[in-house]
Amino acid sequence: MYEFYSWVESLSFSTWLRESGSLWSYPIVLTLHTMGLGMLVGFNAAVNLRLLGIAPEVPIASMQRFFSVMWWGFWINASSGILLLMADATTKMTSWVFGVKMLFVVLGVVILRKIQNVVFHPENPELLKSGRLLAILSLCCWVLATTAGRLMAYLGPQVGVAGPQVR
Amino acid sequence: MNTILQINKWLETTALSHAMSGRVPWGWPLCETLHFIGLAMLIGCIGVIDLRMLGFARHASIHSLHKFVPWGVAGFILNLITGALFYIGAPSQYVNNFAFLMKLIFIGIAGVNILYFYLGGVMKRVDALGPEDAIPMDAKLVSLVSIVSWFMVMYWGRMLPFVGNAF
């Protein structure tokens, strides 16, 4: 498997992403990854807060529209994430911190789909009751995924030439 | 500029600065993590109102969505505190950094925009609107400026390590 990661990393595109020094390579991909996080985790947090009782006058069904923002954020981050992974495949695929992050991303997406079901069918009392628990689990998953993502720059195998502090 | 340099020099002698720049090894990673969680809270909880004023989620009144504002403000305060800690920890990395200047400028634009929303009478008018009422043009403009400036804050924040004299 390591040979495969190594091969991916050595592709000219991966090398360009990692080493070109162009702002349009690694830096812009990382920026998109941050913006996608804001869209997915941020709007998800707002919906979860609503399910937990914040802003009770906001009809739950009216928040359906915000799921498109979250899914846009998800796909922006899935694509930018694949590019970031290609650039540093050997480091990230062998990093336990990355594994933890992926675990919580997958759990977060599964729960997001369940929450979407609640918000799209708020007239169903059974679903609505499960909404609170799902909201808490969802907040936990995304906080942990964000935390693990951030800590990839500090824990486990490291890449790049940037200093140990700030990446 | 000289005064700023003097202040920075003093900052670097403080215990807090030493703690952030290595004496407490988990200080910087913890603040980075919180900075991203605050980012999501701000983008999501302010974003729902911005998008509402641009025509999303019309079944919710703007008044009812206002309960999300304190959560967005909490995210901002979290980021103000963690951001200040980064600056105290490594002032020289920010002082002549073009990206940092641009980030501050866009935070300033977002701030003036919010002041205009609350003090310029925009908020008063949209607060009285019912779920399906048409949104005034200035409110739409305020939303657009808000979204663009916060995304620019993310862009320049992410560019901190790649532009200018940064690490």
Side-chain angles (χ1 to χ4, degrees), chain A residues 21-23 25-50 53-66 68-70 73 139 142-155 160-167, chain B residues 20-22 25-49 51-52 55-72 75 86 89-90 93 99 131 150-151 153-163 166-167:
Chain A
S22 163
L23 287 184
S25 60
Y26 199 88
I28 200 72
V29 179
L30 200 55
T31 302
L32 288 172
H33 207 65
T34 305
M35 292 173 171
L37 180 154
M39 292 164 72
L40 173 59
V41 180
F43 282 81
N44 186 228
V47 169
N48 288 336
L49 287 174
R50 171 62 191 87
I54 304 297
E57 287 152 45
V58 175
I60 286 179
S62 74
M63 299 196 93
Q64 288 173 11
R65 190 71 172 81
F66 296 123
S68 61
V69 180
M70 290 175 231
L139 287 171
W142 292 117
V143 164
L144 290 168
T146 304
T147 302
R150 234 11 307 225
L151 293 186
M152 281 166 67
Y154 307 96
L155 296 176
V161 287
Q165 281 183 345
V166 192
R167 293 204 65 213
Chain B
M20 280 301 287
S21 57
W26 45 264
W28 198 288
L30 175 71
C31 286
E32 282 283 3
T33 302
L34 293 174
H35 207 65
F36 274 63
I37 289 166
L39 172 162
M41 286 168 71
L42 172 63
I43 296 296
C45 293
I46 300 303
V48 287
I49 299 169
L51 289 184
R52 170 61 183 87
F56 278 59
R58 282 183 171 272
H59 297 298
S61 71
I62 295 168
H63 178 80
S64 68
L65 283 163
H66 229 86
K67 294 258 166 60
F68 285 112
V69 171
W71 294 85
F86 296 137
Q93 291 180 333
W150 289 121
F151 271 74
V153 170
M154 285 194 277
Y155 173 78
W156 288 111
R158 215 49 274 219
M159 285 296 155
L160 282 169
F162 303 108
V163 175
F167 17 94

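Letters A, B, ... are given to chains in the order of the sequence lines, protein chains preceding strands, and every chain is numbered from 1.
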### Query
Would you say B:Arg158 and A:Met35 make side-chain contact, with heavy atoms under 4.5 Å?
no
### Query
Going from OG1 on A:Thr34 to NE2 on B:His35, what distance comes out if it is rounded to the nearest 0.5 angstrom?
10.5 Å
### Task
For the pair B:Thr33 and A:Val143, evaluate side chain to side chain contact (heavy atoms under 4.5 Å, CB included) and give the outcome as yes or no after the intermediate values.
CA-CA 9 Å; B:Thr33 302; A:Val143 164; over 6 Å; no
### Query
What distance separates B:Phe162 CZ from A:Ile28 CD1, expressed to the nearest 0.5 Å?
10.5 Å
### Summary
Most heavy-atom pairs under 4.5 Å with chain B, out of A:Leu151, A:Ile54, A:Leu155, A:Leu32, belong to A:Ile54
### Message
How close do A:Ser62 and B:Ala57 get, counting heavy atoms only, and between which atoms?
### Response
O-CB, 3.1 Å
#### Entry: Heavy-atom side-chain proximity of A:Arg150 to B:Pro29 below 4.5 angstrom
no
#### Entry: Options A:Val41, A:Leu37, A:Leu49, ranked by heavy-atom pairs under 4.5 Å with chain B, top entry
A:Leu49
### Query
Which residues pass the side-chain contact (heavy atoms from CB on, under 4.5 Å) test with A:Met70, sequence neighbours left out?
A:Leu40, A:Phe43, A:Asn44, A:Val47, A:Phe66, A:Phe67, A:Leu112
### Task
Please state whether the side chain, the backbone, both or neither of B:Leu39 comes within less than 4.5 Å of a heavy atom of chain A.
side chain
### Proximal component of B:His63, with respect to chain A [non-hydrogen, under 4.5 Å]
side chain
### Task
Check whether more than 12 heavy atoms from other residues, nucleotides or ligands sit under 6.0 Å from atom CH2 of B:Trp156, and answer yes or no.
yes
### Greatest number of heavy atom pairs closer than 4.5 Å to chain A - which of B:Leu34, B:Leu65, B:Ile43, B:Ile37
B:Ile43
### Query
How long is the gap from OG1 on A:Thr146 to CD on B:Glu32, to the nearest 0.5 Å?
13.0 Å
### Task
Quick one: list whatever passes side-chain hydrogen bond (donor to acceptor under 3.5 Å, both in side chains) with A:Ser68, sequence neighbours left out.
A:Arg65
### Summary
Scored by heavy-atom pairs under 4.5 Å with chain A, the best of B:Pro70, B:Pro25, B:Gly44 is B:Gly44
### Message
Quick check: closest heavy atoms across B:Ser64 and A:Ala55, and the distance to 0.1 Å?
### Response
O-CB, 3.7 Å
